[in-house]
Amino acid sequence: MSQQGETTLPDEQCLDRALAHPETGPRILFFSGGSALNGISRRLKAYTHNSIHLITPFDGGGSSQVLRQAFGMPAVGDLRSRLMALADETLQGEPEVYALFSHRLPGQARNDALAREVSAMAAGQHALVAAIAAPMRQLLHGHLATFLLRAPEDFDFRKASVGNLILAGGYLGHGGQLAPVLEQMANMVEMRGTVRPVVDETLHLGALLRDGTRLIGQRQISGKEVSPISSPIQSCFLCDERGARPQVDLPEANRKLIESADLICFPPGSLYSSLIANLLPRGVGQAIARSRAPKVYLPSLGTDPEALGHDLSGQIDALLTPLRGDLGGAAGDEIPVGTFLTHLLCDSSEAQAEDAAARHGLHCLSHPLRQEEAPRYLSERVARMLVWLAGDFRA
C-alpha cells in the first residue's frame, strides 16, 4: 500500500515526550557514510541520544586517503565527521575538544610548517590543545605523538583534519583497532548516540560497471575527485587493494545493534559508496530481516553521480540486491520487499515516489521542501518524522 501527499504527524505528544527526555529516545539506526546525514543527525540530538550510526570505513579520498596510504588502515574521516555531528555542542559539553577535533590544517601552507604545528600539538604546547583540561589533554596529545612517531617522513599534512590524525594515532596505539579510540573520543565530546564502523577492517569498495569496467576504490566510483563514471554500476563488492575479495562478516556487536533498533533508516548519501557499501558484509541482510521495526529509505536530493542510470525505483532495487543476496536470494523476487524495507520517505516534489512505492509495496510518506530554508527545515522535518515512526513502533 502506498499513499502520497504531505504527511501530518499524528502524534505530537510523542515528539514532545522525546524533546523532554531525549536520553530515553528511540534507537534509530542508520547505515551511513559521508556528510549527507550530518544535518539530520544534529537535529536528531534534540529528540534522542540513542541513535545508532554504522559507518562505512572504506572511503578512499581526501584526508582519509593520505592516512590509508601511510598506514594501511580503515578510513576514519566519516567516523570523525559523525562524531562531531552527534557531539554535545552546548556549553555543558566539551567545546575545546570539539574545536580541536574540528580543526583542519590549511592547504596552502608549507608542509614543514604544518608538521611543526602538529608537533606542537603533540607536545601539548599548541593553544588548541592547551585549552583542554587534564587528563583529556594528555590523552589527545599522546595520540598525536604516536601518530608522529609512526608517520612517514614525507607525510602530507596539507588539508589534514586534526581529528583524523588523533583517531589514526589512537588506532595505531591500540594495535590496529578503531573501537577503543572511538569510544574514548565519544566520551570526550559527550556524544549523543553511538558511532561504529560497520566492520573494523582495512578494505576498499569495488564496482563492476554495466559496460564491463571494474573499478577499485571509492574515489574511482564517487565522481568527486576523478571523472564521474560513464556507465551505470551493475554491482559492488568489498576487496583489498589488489581487488581480491575476502569474506567479510558483520561483527556480533553490530548485529545486536541492528536487531534491537526501533527503526532502521537507509539515509541520504552517495548510493553505493555511502549506503550500499554498509550492506555488503555477510550478516547485514539477515539481521535486518530479523528486525520487525519500520525500515525507511530516505533518498538523496539532487544528482548523485553513482546513481547513473538508476531512477528512484532502480535505487530501491540496488539497495535490495545485497540484502536479498545475504539470504540466498541473489536471483530475485522470492524474498518479499517488506523483509528489508517498509517505507519510502521523499520530498513531496519527487515525481517518481508514488510509482516507486507502488511497485515495491511500500508506505510512501512525503515532506514538503521549503526552498528558502531547505537544509535546516528539511533536517528538522525528517528528524521529527523518523522519531514519530520509531515511537509509533515502540508504542
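Computed from a predicted structure; not experimentally measured.
Shortest non-hydrogen contact noted between G124 and V129 is CA-CG1, 4.0 Å. For V195 against L86, the heavy-atom pair with the smallest separation is CG2-CD1, 3.6 Å. In terms of heavy atoms, R214 sits closest to G243 at NH2-O, 2.9 Å. Counting all heavy atoms, side chain and backbone alike, F157 lies closest to N111 at N-OD1, 2.8 Å. Nearest heavy atoms, I221 versus G206: CD1-C, 4.1 Å. Nearest approach of P281 to N278, heavy atoms of both residues: CD-O, 3.5 Å.
Remark: the N50 side chain and the R27 side chain contain no N/O donor-acceptor pair separated by less than 3.5 Å. A donor and an acceptor atom, one from each side chain of S231 and R210, are nowhere located under 3.5 Å apart. There is no side-chain donor-acceptor pair under 3.5 Å between D304 and H310. D211 and T213 share a donor-acceptor pair across their side chains, judged by distance under 3.5 Å alone. Between S32 and R82, the side chains place a donor N or O and an acceptor N or O closer than 3.5 Å (distance only, hydrogens not considered).
Side chain of S102 to main chain of A99: no donor-acceptor pair is present (N/O by atom type, distance under 3.5 Å, no hydrogens or angles). R68 contributes a side-chain N or O that, together with a main-chain N or O of M73, makes up a donor-acceptor pair within less than 3.5 Å. Between the side chain of S119 and the backbone N or O of A115, at least one donor-acceptor pair lies under 3.5 Å. In this structure a side-chain-to-backbone donor-acceptor pair under 3.5 Å is missing from T342 to G338. In this structure a side-chain-to-backbone donor-acceptor pair under 3.5 Å is present from T24 to H21. Side-chain N or O atoms of S64 include one that pairs as donor or acceptor with a backbone N or O of G77 at under 3.5 Å. Judged purely by atom type and a 3.5 angstrom limit, E94 has no side-chain atom pairing as donor or acceptor with the backbone of E190. Put simply, the side chain of Q352 gets close to the backbone of L312: a donor and an acceptor are under 3.5 Å apart. Put simply, the side chain of D88 never gets that close to the backbone of M191: no donor and acceptor are under 3.5 Å apart. Formation of a donor-acceptor pair under 3.5 Å by the H174 side chain with backbone atoms of G170 is found in this model.
Note that OG of S274 and CG of D78 are 6.5 Å apart. Values are rounded to the nearest 0.5 Å. In this structure, SG on C239 lies 10.0 Å from CZ on F58, to the nearest 0.5 angstrom. Here CG of L280 is found 4.5 Å from CG of L238. Values are rounded to the nearest 0.5 Å. Separating the CD atom in Q220 from the OG atom in S273 is a distance of 12.0 Å, to the nearest 0.5 Å. For the atom pair CD of E12 and CH2 of W388, the computed distance is 10.5 Å after rounding to the nearest 0.5 Å. The distance from atom CZ of R192 to atom OG of S41, rounded to the nearest 0.5 Å, is 14.5 Å.
Listed by first and then second residue, the side-chain hydrogen bond (donor to acceptor under 3.5 Å, both in side chains) pairs that reach into residues 129-153 are H143-Q184, sequence neighbours excluded. Note on residues 279-303: pairs passing salt bridge (Lys or Arg N to Asp or Glu O under 4.0 Å), not counting sequence neighbours, are D249-R282, E259-R290.
Under the salt bridge (charged side-chain N to carboxylate O under 4.0 Å, His left out) criterion, R116 pairs with D112, not counting sequence neighbours. Listed by chain and number, the residues in a side chain to side chain contact (heavy atoms under 4.5 Å, CB included) with P57 are P74, P197, V198 (sequence neighbours excluded).
L144 and L83 fall within a single hydrophobic cluster, where Ile, Leu, Val, Met, Phe, Trp and Tyr are joined by side-chain heavy atoms under 4.5 Å apart, directly or via other members. A continuous path of ILVMFWY side-chain contacts below 4.5 Å connects L140 to L178, so both sit in one hydrophobic cluster. A continuous path of hydrophobic side-chain contacts links V284 to Y272 [ILVMFWY only; heavy atoms under 4.5 Å]. A single hydrophobic cluster is seen to contain both L19 and L389, as judged by linkage of ILVMFWY side chains at heavy-atom distances under 4.5 Å, directly or through other members. Linking Ile, Leu, Val, Met, Phe, Trp and Tyr residues whenever their side-chain heavy atoms come within less than 4.5 Å places L275 and L362 in a single cluster.
No close placement of the F340 and Y297 rings is indicated, their centers lying 6.0 Å or farther apart. Ring centroid separation for the pair F30 and H53 comes in under the 6.0 Å cut-off. The six-membered or imidazole ring of F266 lies near that of F31, with a centre-to-centre distance under 6.0 Å.
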Test side-chain contact (heavy atoms from CB on, under 4.5 Å) applied to L29 and L263, step by step | CA-CA 6 Å; L29 182 139; L263 182 143; over 6 Å; no
Are I40 and R43 close enough, and set up right, to give a side-chain contact (heavy atoms from CB on, under 4.5 Å), and what steps lead you there?
-> CA-CA 5 Å; I40 295 171; R43 295 307 307 149; 5.8 Å; no
Can you list the steps and then say if M185 with M84 is a side-chain contact (heavy atoms from CB on, under 4.5 Å)?
-> CA-CA 10 Å; M185 299 305 105; M84 295 298 95; over 6 Å; no
L345 and M385: CA distance, side-chain angles, deciding distance, side-chain contact (heavy atoms from CB on, under 4.5 Å) verdict = CA-CA 9 Å; L345 176 55; M385 294 188 80; 3.7 Å; yes
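No more than 12 heavy-atom neighbours from other residues, nucleotides or ligands sit within 6.0 angstrom of CD on Q13. Atom CZ of R104 has more than 12 heavy atoms from other residues, nucleotides or ligands within 6.0 Å.
The hydrophobic side chain of L208 is isolated, with no ILVMFWY side chain under 4.5 Å apart from it. In the hydrophobic clustering, where aliphatic and aromatic side chains (Ile, Leu, Val, Met, Phe, Trp, Tyr) are joined below 4.5 Å either directly or transitively, I216 groups with F237.
Ionic pairing of K45 and E89 is present here: one or more N-O contacts between side-chain nitrogen and carboxylate oxygen are shorter than 4.0 angstrom.
Looking at C14 and R17, their side chains come closer than 4.5 Å, going by heavy atoms from C-beta outward. H204 is not listed as a side-chain neighbour of R219, based on a closest heavy-atom distance of 4.5 Å or more.
Just one of D59, L67, I55 meets the side chain to side chain contact (heavy atoms under 4.5 Å, CB included) condition when paired with V76; it is L67.
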